[in-house]
Number of protein chains: 2
Amino acid sequence: MQHNQKKINSELNPNVSVDCVIFGFDLEQLTVLLIDRGEISSGFGPRLALPGNLIYDNENLDMAANRVLDELSGLHDIYLEQVGAFGDPDRIHKESDREWLKSIRAEPEARVITVAYFSLVPMQQYKPQASSFAKNADWVPVNEIKELAFDHLEILHAAKEKLKQKIKIQPIGFNLLPRKFTLSQLHRLYESILDKPLDKRNFRRKIQKLDILSSLREKQRGVPHKPSLLYEFNEEKYQELTRTGFDNFGF
Amino acid sequence: MQHNQKKINSELNPNVSVDCVIFGFDLEQLTVLLIDRGEISSGFGPRLALPGNLIYDNENLDMAANRVLDELSGLHDIYLEQVGAFGDPDRIHKESDREWLKSIRAEPEARVITVAYFSLVPMQQYKPQASSFAKNADWVPVNEIKELAFDHLEILHAAKEKLKQKIKIQPIGFNLLPRKFTLSQLHRLYESILDKPLDKRNFRRKIQKLDILSSLREKQRGVPHKPSLLYEFNEEKYQELTRTGFDNFGF
DNA sequence: TAGCTTTGTGTCAATTTTACACTTTCCAAA
DNA sequence: TTTGGAAAGTGTAAAATTGACACAAAGCTA
C-alpha cells in the first residue's frame, strides 16, 4: 500500500526539473527569493540558487512549479508563468554544483532539462517554510545578484526580461504589491522592473487612464511627509480590460 | 569504435523531445510545415503532426531544434526561437498517437516533456528532405488547421501567439519573405500574422519610418497590373535599431 | 483601346507623448 | 510653536503619432 501509493504519487523523473524565479518587491526594489545551500565543502562557488526540484511523473509542469513554490513559501494562488526550458548538457560545470547534486539527487549525473517559471508574490504575505531542498531562503535585490548556481543567472535574466515585456502589456505588477498601495509605490515598482526612470506625472496619468485603480478614502499614516492616498487594484475593471484586449503597439 | 561513436554522439533521452512550428508564407497566408504520418491502422485520428523528435543527451535544446529543422528541410541559419515546454502527463491520449509512438520509439510509454520552437523560413528556399520521422511534409495554411496529433494544436496556437507578440516588437517578419519583396507582400504578411486588416497607407507609412527597407530600382515583371517596386531588407539598419532598442509601449 | 487590377500617394482631426516646476501636507527637530 | 525636510500631488503646451479616407497611375489582357 505504502509502496503502491508511492508509485502512483511520486515517481521522480530524473531528467526534468522546474526552477522558480520568485519575484518580490520590498517597496524599494525588485527582489528574488533565493535559497542558500550553505557551506560547500569543496571550497568556493556560489551558495545561492533558485528554488527548484525534479518533477514527478504524474504532475504537469505548472503543478510542479506550484508545488515548489508552495513548499518554500506556503503560498497558493500565486501568479506563475513559464519562462522556458533550459538545458545545456554542460550546465553543471561548477564543482560545487556537482557536489551539491550528489547530496540531494538519486542520479546526480543525469542530464537534466529544467523548465523555468517566474512568479510574483506580495512579499508582505510571504512566510518562509522549511522545505526539502532549502535550508534557508532569502530575498535578494535583483541588481545585486552577480552569480548563482548552475545556469540560474541566465534563467534569472530571462525571467526578468519576460517580466519586463509582460508588464508593458498586462498590469501584472499589482501581484507584487500589498492590497493597499500608493501610486508612488507602483511608480517605483515599474521603474525597478523596467530599469529606467519614468516621469512621475506622465506615469500617473497613464496608469489612471487604464482605469483599474480604486482610490480609497484613506491616507498613509506616520510618514514624515505629505501622506499619500491609498489605492486598491480593481479586479473587475482589469478582467474587462483583458477581455477587450490591451496590447499597445501601433498595428 | 562504431559503438563508442554511437555512445558519444547519440544517446537519446527518452524523456525530452523538441517540436518545431515551422512557419512559412506563400505570399497569401501564413502556413505551417506539417508531417503526414500516413494511414493509422487503428482507424481515425489526426494524420498531421508537428515535426519533432527526442533529443540526444549531448546536444542542447537549440541544437536539437536545429537538427529537426535541418533533417526536414535541409535549411541552416534559420530564425528559431523557443516557445516553451509542454508536458501534461496525459498529453498522449489519442489511440492513434499511442500507436504511432510504438512504431517509432524505443520507450513509447515514457513520460515526455517537449520543448516547442518556432522558426521562420523563406518558403521559396525550402526543399523537402527525406527524414527519419516524416514520410511526407506539407505546407498547410494555419487557419485551416483544426486538429493535430498529441497536444500539437495547443503548441501551434502558443507559437502563433508568440509570433504575434514578437512581430510587434521586432521586424522578424522578413525571415518569411524572399530577398526581394513588395510592400504589399509585407503588408499581407503582417495582416495574416496579426489576423486583422491593416490600413494600407498607414501600414506603409509606419514601415517606411522604421527605415529598415532599401528600395531597389527594380519593378515586378509580368503582373497584370501596375507593377510594384521591389524592396530589400536592410540588415545594418536593423542591427542598429535592435541595439538602440525598439519596443513600443508607452512607458 | 477599353477595361481590369493592383500600386502608390497626402491630409486633416484626434489622440498621445514628452518635458517640465511649484504648492501642499505631514513629521520632527529646534 | 515655528521651521525645515521630504515626498505627494497637480496642468499645460508643443511635438509626434494615429486613424480615417479616395483617386490617379501603370501594366496587362481581351
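Lettering of chains follows the sequences in order, A, B, ..., and the numbering in each one begins at 1. Note that the coordinates shown come from a computational prediction; the quantities given were computed from them, not determined experimentally.
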**Item:** Pairs involving residues 155-164 of chain A, ordered by first then second residue, that meet side-chain hydrogen bond (donor to acceptor under 3.5 Å, both in side chains) (sequence neighbours left out)
**Value:** A:Lys160-A:Asp195
**Item:** Distance, rounded to the nearest Å, where B:His187 contributes NE2 and C:dG8 contributes P
**Value:** 13 Å
**Request:** Applying side-chain contact (heavy atoms from CB on, under 4.5 Å), name anything that partners B:Asp62, two or more places apart in sequence or on another chain.
**Result:** B:Asn60, B:Tyr117
**Item:** Touch class at under 4.0 angstrom, heavy-atom based, for B:Ser184 against every strand present
**Value:** sugar-phosphate
**Prompt:** In whole angstroms, how far is the P atom of C:dT6 from the CD atom of B:Glu191?
**Reply:** 14 Å
**Prompt:** Which residues within residues 218-229 of chain A lie with some heavy atom under 4.0 Å of an atom in DNA chain D?
**Reply:** A:Pro224, A:His225, A:Lys226, A:Pro227, A:Ser228, A:Leu229
Contacts table for residues 23-33 of chain B: side-chain donor-acceptor under 3.5 angstrom, sequence neighbours left out:
| unit_1 | atom_1 | unit_2 | atom_2 | d |
| --- | --- | --- | --- | --- |
| B:Asp26 | OD1 | B:Glu28 | N | 2.7 |
| B:Asp26 | OD1 | B:Gln29 | N | 2.7 |
| B:Thr31 | OG1 | B:Gly24 | O | 3.3 |

**Request:** Let me know the distance between NZ of A:Lys200 and P of C:dT24, rounded to the nearest Å.
**Result:** 15 Å
**Item:** Length of the CG-P vector between B:Leu230 and D:dG27, whole Å
**Value:** 13 Å
**Prompt:** Excluding sequence neighbours, so at least two apart, what forms side-chain contact (heavy atoms from CB on, under 4.5 Å) with A:Ala49?
**Reply:** A:Ile35, A:Arg37, A:Ala149, A:His152
**Prompt:** Taking NZ, NE, NH1 and NH2 as the nitrogens, is one of them in B:Arg188 or B:Glu191 under 4.0 Å from a carboxylate oxygen of the other?
**Reply:** yes
**Message:** Is it the case that D:dA8 (base atoms only) and A:Arg204 (side chain only) share a donor and an acceptor within less than 3.5 Å, ignoring hydrogens and angles?
**Reply:** no
**Asked** What pairs of residues pass the ring-ring contact (aromatic ring centres under 6.0 Å, His included) test when at least one of them lies in residues 160-181 of chain A, not counting sequence neighbours?
**Response** A:Phe174-A:Phe181, A:Phe174-A:Phe233
**Prompt:** Between A:Phe203 (CZ) and C:dT17 (C1'), how many Å, whole number?
**Reply:** 16 Å
**A:Gln185 CD to D:dA8 C1', straight-line distance once rounded to whole Å** = 12 Å
**Prompt:** Once each nucleotide of nucleotides 12-17 of chain D is scored for protein heavy atoms under 4.0 Å, what B/S/- sequence comes out, 5' to 3'?
**Reply:** B-----
**A:Glu154: side-chain hydrogen bond (donor to acceptor under 3.5 Å, both in side chains) partners, not counting sequence neighbours** = none
**Message:** Can you measure B:Leu27 atom CG to C:dT6 atom P for me and round it to whole angstrom units?
**Reply:** 14 Å
**Prompt:** With respect to A:Ser119, which candidate in A:Asn66, A:Asn175, A:Leu75, A:Ile22 satisfies the side chain to side chain contact (heavy atoms under 4.5 Å, CB included) definition?
**Reply:** A:Ile22
**Message:** I need the CD1-P distance between B:Ile207 and C:dT9, as an integer number of Å.
**Reply:** 15 Å
Could you go over nucleotides 1-3 of chain C and give all protein N or O partners under 3.5 Å, atom names and distances?
none

**Asked** Is any N or O donor-acceptor pair between the side chain of B:Arg201 and the base of D:dA22 shorter than 3.5 Å?
**Response** yes
**Request:** Can you sort out the partners of A:Ala116 under side-chain contact (heavy atoms from CB on, under 4.5 Å), two or more places apart, ordered by chain and number?
**Result:** A:Val83, A:Phe86, A:Ile155
**side-chain hydrogen bond (donor to acceptor under 3.5 Å, both in side chains) against B:Asp151, all qualifying residues, sequence neighbours excluded** = B:Arg91
Quiz: residues 213-228 of chain B side-chain donor-acceptor pairs under 3.5 angstrom, not counting sequence neighbours:
| unit_1 | atom_1 | unit_2 | atom_2 | d |
| --- | --- | --- | --- | --- |
| B:Glu218 | OE1 | B:Lys180 | NZ | 3.0 |
| B:Glu218 | OE2 | B:Lys180 | NZ | 3.4 |
| B:Gln220 | OE1 | B:Ser228 | N | 3.0 |

